[in-house]
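All remarks here apply to the structure that follows.
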Amino acid sequence: TDILLEKGYAYECYCSKYELEAAKEKALARGEQPIYNRKCLHLSEAEKNELKSKGIKPSIRFKVDDKIVVVKDIIKGEVHFPTNVFGDFVIVRPDGVPVYNFAVVIDDALMKISHVIRGDDHLSNTPKQVLIYEALGFDIPQFAHIPMILGPDHSKLSKRHGDTSLNQFKEKGYLPEALFNYLTLLSWSAPDGKEILTKEETISLFRLDNVSKSPAVFDFGKLKWMNGYYIRNLPKDYLTERVVPFLDLNDNFLKKYSDRLKDMIYSIKDKIELLTDANDWIKIYQSYPDSLDNEALEILRLPTSRDVLTHFINELSKFQEIDTDIYKEITSSVQKITGAKGKALFMTIRVGITGTTKGPDLDKICTLLYKDDIIARIEKTLNVMESIC
RNA sequence: GUCCCCAUCGUCUAGCCUGGCCUAGGACACCGGCCUUUCACGUCGGCAACAGGGGUUCAAAUCCCCUUGGGGACGCCA
C-alpha cells in the first residue's frame, strides 16, 4: 500500500460509514450511480493529522481514473468496463485488513499465478483487479470466467435446490467418477461428442477455449442416469469395494452372502436411488416375510400356490445345490406336476422365496441363495399362508 | 435502477469464429415396439429446438443492428 500511496494511485479516506451510507442513498434516490465523491482525495497533511488526532483511522481507497478497462478473457473474449460505474474503491479497511479485491491481486501476483479460472460472477470484479495489477506493475494473468451452474429454476445453484455439497452426493451413493464426469459436461463437451469419459480422457481433451459461454442448468436426472451407468459398468471388484460402506455388514445375511453380493447388486438396476436403494432391496430380504404386500398376498391366494411351493421344495430336494440349469429343470417339473404356468408359476415361486413381487431375475435369485436357505424361506411362506389364506 | 454476460429440443449440448454439406446431429427425460413369465438393464423407433424483428448476401442457426427473455454484479463480503 505504501507504494500505491506514494505514487498517488491510492489515498486515505476518513469518511465514516454513516456519511457514505447517506451519500449512497441520496445518489440512488436521484437515480444516479452511488460513487464515492472523492471528498478525502485532496486532504492536506495537516487536515489528516487533525483527523488522526481525533482517533479516526482512515481506510485506503484506490484512485480510479475515468476510462474504459478492457478485460481479456479466454472464454468471454474482450470485455469493456467503464470505470465510472464503481469509482474509487476501498482497498484496505481502517483496521488495516485488506479487502478481497486487493488481497487476491497481491496474493496471485506473489504466487505468480498464470491463469485465474473462476465463476462468471467474478467477471465484474475483474476490472478493479486489473487496475491494481497495472498500478503495481504486475503481469496480468490470463482470465477465464466459467459460466455458472443454475438450479432447475434457472437461478444460481444453491442449498435450496437440494444437495449441493460433494459430501451430500457421496452420502447418497453417487460415485465420485460419475459426479466428476457429469460436472465436466456442463458448459463443455468433448470434440467427438463422447459423454462417458474417464478423468484421464477429460484431462487430455479439455481446453478452456471450447468452454461454452452460456450457463448450464444442473440436471439431477442425468446425473442419476450417469451414476447408474457407472455402477453397471465399472469392474465388479471395484464396485463391491464402493458399495460395501453403504451396506449393513453386521447383519448375518450380508456376511453370509457378501461373496455373491456383487452379482446381485450388479443386477439391481431398478429405480436406482442408487447404492442406497440396493440396500433397501436387501432389507426386503432380511425382513421377510413381514414385508408381504397386497400384491404378494394375492399371488399366495391363488389356488395353485400351495401346490407349486410344496413341489418346488420336493424337486429342489433332489439336488445338492442349485444352478441355472437345475433351476430350469425344477421349474419345468413343477409346471408339469401342478399344471400351473406363467404368472401363477413364476410369481408364486418369486413371492415364496423373496416375499415380494419385484427384484432381480428369478434364476439369479435362486443361484444367489443356497438350497437350504431357499427351502427355509419357502417353508416360512407356507406357514404364513396357513394364517392368511 | 446502472453495468456486464448469455440466448439451438423440457434439460446438457454439436454446428456459429472460417455463411451453402442442416431435411439442424448426439445425450438425459418422455412416449411406443422388442427382449425379459416382475422391475430394471439392453435394443429398435418416435416426439421435440435455431426467442422475435429488421438488415447484409445468390444463400443466414451461422455475420450486423434492435427488441424481448434469462443470468450475474453493483459492500470498509469473499
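Given the structure is predicted, the values throughout are model-derived calculations rather than measurements. Chain naming here is simple, since letters A, B, ... match the order of the sequence lines and numbering starts at 1 in each.
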Quick one: which of [options] gets closest to the side chain of [X]?
X	options	result
A/W225	B/rC28, B/rC6, B/rC76	B/rC28
A/N125	B/rG71, B/rA78, B/rC76	B/rA78
A/K24	B/rG75, B/rC12, B/rA78	B/rG75
A/D121	B/rA73, B/rC76, B/rA27	B/rA73
A/S124	B/rA73, B/rC6, B/rC76	B/rA73
A/S189	B/rC76, B/rG72, B/rA14	B/rA14
A/R350	B/rG10, B/rU38, B/rG72	B/rU38
A/S214	B/rA7, B/rC4, B/rG72	B/rA7
A/M148	B/rU13, B/rC6, B/rG72	B/rG72
A/E195	B/rC76, B/rA7, B/rG26	B/rG26

Can you tell me how far [atom2] of [N] sits from [atom1] of [X], to the nearest Å?
X	N	atom1	atom2	answer
A/I146	B/rG72	CD1	P	17 Å
A/H154	B/rG10	NE2	C1'	9 Å
A/Y182	B/rA29	OH	P	12 Å
A/Q33	B/rG75	CD	C1'	14 Å

First of A/F89 and A/S212 reached from the 5' end of RNA chain B, by closest nucleotide: A/S212
Both A/P82 and A/K213 contact RNA chain B. Taking the nearest nucleotide for each, which residue is further toward the 5' end? A/P82
Plane angle bin for A/H122 and A/Y100 - parallel if under 30°, tilted between 30 and 60°, otherwise perpendicular: tilted
Once the angle between the rings of A/F218 and A/Y182 is folded into 0 to 90°, is it parallel (under 30°), tilted (30 to 60°) or perpendicular (over 60°)? perpendicular
Any salt bridge between A/R207 and A/D209, counting N to O under 4.0 Å? yes
Salt-bridge present (A/E21, A/K24; N to O < 4.0 Å): no
Record whether the side chain of A/K222 comes under 3.5 Å of the base of B/rA29 through a donor-acceptor pair of N or O atoms. no
We want to know whether A/D153 and A/S155 form a side-chain donor-acceptor pair, criterion being a heavy-atom distance below 3.5 angstrom. yes
Quick one: is B/rA78 close enough that its OP1 or OP2 comes under 4.0 Å of any side-chain N or O from A/R93? yes
Applying the Watson-Crick and G-U wobble criteria at under 3.5 Å, what pairs with B/rU43? Answer none if nothing qualifies. B/rG33
